[in-house]
Amino acid sequence: TQSTRPQRLLGAVKKNATRGDPRSVVKAIDQFCRQKEWAMNVGDEKGCILDSVVSELNPATVLELGTYCGYSTVRIASMLPPHAKLITLEFNPDYAAVARQVIAWAGLEDKVQLVEGASGDLIPKMSEQFEVETFDLVFLDHWKDRYLPDTKLMEECGLLKKGSVLLADNVICPGTPEYLEYVRASPRYESQYFRSHLEYTKVEDGLEKSVFLG
Ligand SMILES: O=C(NC/C=C/[C@H]1O[C@@H](n2cnc3c(NCCO)ncnc32)[C@H](O)[C@@H]1O)c1cc(-c2ccc(F)cc2)cc(O)c1O
Ligand SMILES: [Mg+2]
């Protein structure tokens, strides 16, 4: 049977990255996507913006919506202080299976909890099932038309506190117009656009950082 792109991406990690070295895993995926096959990872350019937001925030609790192959999971988790936790949600079992191996290859299993399921179902269960009160950082990178409903759901479930940061990928390409309008117009958020490019291309894209004001 034919391999899938995520499986080929995993193969490149196992071939070119050093076990237990998250940066080499990130580098191997970026090289694979530049030289062999494009894949929808946040990538190296936007990844640097992600890194700066994480290091500035030094979050204790992080939620990621849309694991895919685990590229941004590894990028974020590699920068977390000890005892910090990253919960990442992925509803495609094949992608989840690849991501688990990528996260394990990076040696970050202890910092990452990959939960298989749909964000809409899991977000309401966060506090009771995963013992999380609120998230310091949420990275949105799943279906683009789900950014807004899931943000409203996180508000309703009390998962955001004053100072919580939402960082959203792809606000230009493919684009998340309703989400962008909401966070930029709402008095409950202080939003900032970080201009960049679509991963591995020259097409404009960017990240929107929105601080919840409570
Ligand atoms: O579409 C993009 N990302 C989607 C990610 C989906 C991943 O997240 C998982 N997922 C989706 N919804 C949910 C969910 N909840 C919602 C459903 O219940 N709950 C849990 N997991 C979920 C999927 O299973 C995938 O693993 C994208 C496209 C381009 C792009 C740009 C230009 C082009 F030409 C082509 C493509 C660039 C990017 O950076 C992109 O992120
Ligand atoms: Mg993306």
Side-chain angles (χ1 to χ4, degrees), residues 4-10 13 26 29-30 32-34 36-51 53-54 62-76 86-103 112-126 129-130 132 135 137-157 159 166-180 183 193-210:
T4 66
R5 178 168 309 183
Q7 284 167 337
R8 293 191 291 272
L9 181 149
L10 174 61
V13 167
V26 167
I29 295 173
D30 285 330
F32 173 78
C33 292
R34 281 194 181 284
K36 300 280 188 335
E37 299 185 60
W38 187 92
M40 59 182 178
N41 316 120
V42 73
D44 41 4
E45 193 179 319
K46 288 185 287 179
C48 287
I49 300 167
L50 172 61
D51 291 353
V53 170
V54 174
V62 183
L63 176 64
E64 176 179 61
L65 303 180
T67 317
Y68 188 44
C69 296
Y71 174 92
S72 48
T73 320
V74 166
R75 253 197 119 108
I76 296 167
L86 191 165
I87 295 175
T88 184
L89 310 183
E90 175 52 59
F91 72 0
N92 179 310
D94 301 326
Y95 295 165
V98 164
R100 287 190 200 285
Q101 295 176 74
V102 168
I103 292 159
V112 176
Q113 185 172 4
L114 194 164
V115 185
E116 275 184 59
S119 51
D121 302 332
L122 292 168
I123 285 171
K125 297 175 186 161
M126 276 299 143
Q129 258 189 21
F130 304 103
V132 173
F135 288 102
L137 171 67
V138 182
F139 182 56
L140 298 95
D141 195 19
H142 58 331
W143 292 157
K144 308 312 161 193
D145 62 357
R146 297 293 309 175
Y147 283 23
L148 184 51
D150 283 350
T151 296
K152 290 182 171 173
L153 191 54
M154 287 188 285
E155 288 175 14
E156 284 151 25
C157 297
L159 290 172
L166 303 184
L167 189 64
D169 190 26
N170 309 117
V171 296
I172 303 299
C173 177
T176 63
E178 300 84 11
Y179 172 80
L180 218 42
V183 289
Y193 174 60
F194 292 83
R195 185 169 181 202
S196 184
H197 295 96
L198 175 69
E199 48 267 29
Y200 319 117
T201 77
K202 294 186 173 16
V203 174
E204 180 180 348
D205 188 20
L207 301 175
E208 187 83 358
K209 176 188 171 189
S210 305

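Whatever order the structure lists ligands and atoms in, that order sets their numbers, starting from 1. Please read these numbers as outputs of a predicted model, since none were measured by experiment. Values below: all heavy atoms of this structure, side chains included; hydrogens, waters and symmetry mates excluded. Along the sequence shown, residues are numbered consecutively beginning with 1.
- The NE2 atom of His197 lies 8.0 Å from the NZ atom of Lys202; values are rounded to the nearest 0.5 Å.
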Return a table of N or O atom pairs, ligand 1 on one side and protein on the other, at distances under 3.5 Å, rounded to 0.1 Å.
| unit_1 | atom_1 | unit_2 | atom_2 | d |
| --- | --- | --- | --- | --- |
| ligand 1 | 3 (N) | Lys144 | NZ | 3.3 |
| ligand 1 | 15 (N) | Ser119 | OG | 2.8 |
| ligand 1 | 19 (N) | Ser119 | N | 3.0 |
| ligand 1 | 21 (N) | Phe91 | N | 3.3 |
| ligand 1 | 24 (O) | Glu90 | OE2 | 2.5 |
| ligand 1 | 26 (O) | Glu90 | OE1 | 2.6 |
| ligand 1 | 26 (O) | Glu90 | OE2 | 3.2 |
| ligand 1 | 39 (O) | Asp169 | OD2 | 3.2 |
| ligand 1 | 39 (O) | Asn170 | OD1 | 3.0 |
| ligand 1 | 39 (O) | Asn170 | ND2 | 2.6 |
| ligand 1 | 39 (O) | Glu199 | OE1 | 3.4 |
| ligand 1 | 39 (O) | Glu199 | OE2 | 2.5 |
| ligand 1 | 41 (O) | Asp141 | OD1 | 2.9 |
| ligand 1 | 41 (O) | Lys144 | NZ | 2.9 |
| ligand 1 | 41 (O) | Asn170 | OD1 | 2.9 |

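- Within the sub-2.8 Å shell of the Mg ion (ligand 2), the protein contributes these N/O/S atoms: Asp141 OD1, Asp169 OD2, Asn170 OD1.
- Residue pairs satisfying the side-chain hydrogen bond (donor to acceptor under 3.5 Å, both in side chains) criterion with at least one member in residues 90-99, sequence neighbours excluded, are absent.
- If you take CZ on Phe91 and CG on Leu122, they are separated by 11.0 Å, rounding to the nearest 0.5 Å.
- Aromatic ring centres of Tyr147 and His142: separated by under 6.0 Å.
- Among Asn41, Asp30, Asp44, Asp141, the single residue meeting the side chain to side chain donor-acceptor pair (under 3.5 Å) criterion with Tyr71 is Asp30.
- Under the ring-ring contact (aromatic ring centres under 6.0 Å, His included) criterion, Phe139 pairs with no residue at all, not counting sequence neighbours.
- Side-chain atoms of Ser72 and Glu64 form a donor-acceptor pair, as typed in the model, at a separation below 3.5 Å.
- Side chain of Asp205 to main chain of Cys173: a donor-acceptor pair is present (N/O by atom type, distance under 3.5 Å, no hydrogens or angles).
- Glu116 has a carboxylate O that lies under 4.0 Å from a charged side-chain N of Arg100, or vice versa, which qualifies the two as a salt bridge.
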